[in-house]
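These numbers come from a predicted model, not from an experiment. First listed ligand is number 1; within each ligand, the first listed atom is number 1. For reference, positions follow the sequence shown, starting with 1.
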Amino acid sequence: MNAPTPEAQASPDSRRDIVGLARDQLAAEIAAMGEPAFRARQLWHWLYARGGRDFSRMTTMSKDFRAALEMRYRVSRPAIAQHQQSEDGTQKWLLRLADGSAVESVHIPEDGRGTLCVSSQVGCTLTCRFCHTGTQRMVRNLSAGEILGQILLARDEFGEWPAPSTNRRLTNIVMMGMGEPLYNYDNVAQALRIAMDPEGLAISRRKITLSTAGVAPLIKRVGAELGVMLAISLHAVHDELRDRIVPINKKYPIAELLRACRDYPPLKNARRITFEYVMLKGVNDSTADARELVRLIAGIPSKVNLIPFNAWPGAPFECSSNAAIERFAQVVMAAGYPSPVRTPRGRDILAACGQLKSASEKTRKSARAMDDPAPPATA
Ligand code: SAH
């Protein structure tokens, strides 16, 4: 069922993918092979600090052990189906997964840092009205290995194994690609734990941002178990409008969502929540909306990221004028909240927020169950 990887000549490759196994799972596998515990640690280092893909070259381990690993496991990466580069330096990869479905990840270079925007699902079930991904038909959860694979692949592409201490091209991760990360919590959490492991990729939790459309009951767990930065796709300040443009609001309305934000454990550590707010002309961009926003988030250490609407073919909205965005930002700023306007990046290659959509022929849903299934986009 798995497509052969370059390492595996025999097809089909029935070996298990070692990428994405949690540290304790890997330790258990190695112990079951009769090897001492330090071998698991060495292997982890090869996989996640050195980016090793070929067991035979992991030369700090015995030849027999390497051969035994080779028999049992493969070290997979998603295959690059398409690569595009924007005039502003943003890059987008369309990645083909072992079952033939596809996701996109995007790299956004900035002065002195670089952010990888990672997908958590093939498509998305949420149907937010302004988001292109929500119009995609096929939806399934990505495995931990497939989520992590996007990060590993970017490191491969940049040749950042081991990661250089300065001028790194990949410094930050945002779970802001395709899908709702909190509808795939377990796999996202497993991938992020591996990404944060200090003996591997060692990406600090402060450099990882998880964005959710508002799965309120899981927000506390994100804080307690992962401690990463949290972003909330708010986009509207009245339930009536939010019900329409971010339909998950019918399940978890604004008051419940903000209650979960107030209780977000890392806030006690002088951390801030980011509220994302897409600027839609004549829909949610009045100064009255801005005043209501400030009233809603009162007391929550936060910043408000204003996102100019990125259009896509057939989109039913227009972007607010610069003047309207400016007026909105002034009100938020005057109340004491930073309100940066997010510069659109990679619009020319449809890589900007909300533009990701990988055409997928399949409509069949994966057998893999969703944590909290919402109606599929085309139901
Ligand atoms: N499902 C998660 C992760 C997606 S993050 C979430 O909703 O937060 C992508 C961000 O881009 C979200 O804030 C999303 O609402 C926003 N977005 C979606 N479509 C957009 C568009 N066309 N223009 C600007 N921002 C958009």
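Under 4.0 Å from ligand 1, the heavy atoms of Thr212 that appear belong solely to its backbone.
Close N/O approach between Met175 and ligand 1 is not found [any backbone or side-chain N/O within under 3.5 Å]. For ligand 1, the polar-atom distance check against Ser211 finds a nitrogen or oxygen pair separated by under 3.5 Å. For a threshold of 3.5 Å applied to N or O pairs, the pair formed by Phe130 and ligand 1 contains at least one separation below that value.
Closest to atom 11 (O) of ligand 1 among all protein heavy atoms lies Cys353 CB, 3.5 Å. What sits closest to atom 19 (N) of ligand 1 on the protein, heavy atoms only, is Gly354 CA, 3.0 Å.
For ligand 1, the atoms sitting less than 4.0 Å from at least one non-hydrogen atom of Val278 are 23 (N), 24 (C), 25 (N), numbered in the order shown with element in parentheses. Residue-ligand proximity, Gly177 to ligand 1, at heavy-atom distances under 4.0 Å covers atoms 4 (C). Those atoms of ligand 1 with a heavy atom of Ile307 less than 4.0 angstrom away are 24 (C), 25 (N). Near His235, the atoms of ligand 1 lying under 4.0 angstrom from a non-hydrogen atom of the residue are 13 (O), 14 (C), 15 (O). Close approach of ligand 1 to Trp312 is summarised as follows: ligand atoms under 4.0 Å from at least one heavy atom of the residue are 22 (N). Ligand-side atoms of ligand 1 in range of Gly179: 1 (N), 2 (C), 3 (C), range being under 4.0 angstrom from any heavy atom. Contact atoms of ligand 1 toward Ala213: 6 (C), 7 (O), 8 (O) (distance under 4.0 Å to a heavy atom of the residue).
Atom CG of Leu152 and atom CZ of Arg53 lie 9.0 Å apart (nearest 0.5 Å). To the nearest 0.5 Å, atom NE2 of residue His238 and atom CD1 of residue Ile254 are 8.0 Å apart.
The ring of Phe275 has its center no closer than 6.0 angstrom to the ring center of His235.
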The test is salt bridge (Lys or Arg N to Asp or Glu O under 4.0 Å); show your working for Glu157 and Arg169 and say whether it passes. CA-CA 10 Å; Glu157 290 295 296; Arg169 295 179 70 188; over 6 Å; no
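Considering every non-hydrogen atom in both Val294 and Ala335, the closest pair reads CG1-CB, 3.3 Å. In this structure, Ile300 and Cys261 approach most closely via the heavy-atom pair CD1-CB, 4.2 Å.
When the heavy atoms of Ile245, Asn310, Thr274 are ranked by distance to atom 23 (N) of ligand 1, first place goes to Asn310. Considering Glu180, Arg342, Met176, Glu276 only, the shortest heavy-atom separation from atom 9 (C) of ligand 1 involves Met176. Of the candidates Ser233, Ala311, Cys131, it is Ser233 that places a heavy atom closest to atom 8 (O) of ligand 1.
A donor and an acceptor atom, one from each side chain of Ser86 and Asp348, are located under 3.5 Å apart. Side chains of Ser120 and Asn184: no donor on one and acceptor on the other come within 3.5 Å.
By the 4.0 Å N-to-carboxylate-O rule, Arg193 lies close enough to Glu225 to be salt-bridged with it.
Listed by first then second residue, pairs satisfying ring pair (Phe, Tyr, Trp, His ring centres under 6.0 Å) with a partner in residues 19-44 read Trp44-Tyr48, not counting sequence neighbours. Applying the salt bridge (Lys or Arg N to Asp or Glu O under 4.0 Å) definition to pairs two or more places apart or across chains, those involving residues 328-342 are Glu276-Arg342.
Judged by the shortest distance from any of its heavy atoms, Ala315 lies outside the 4.0 Å radius around the atoms of ligand 1.
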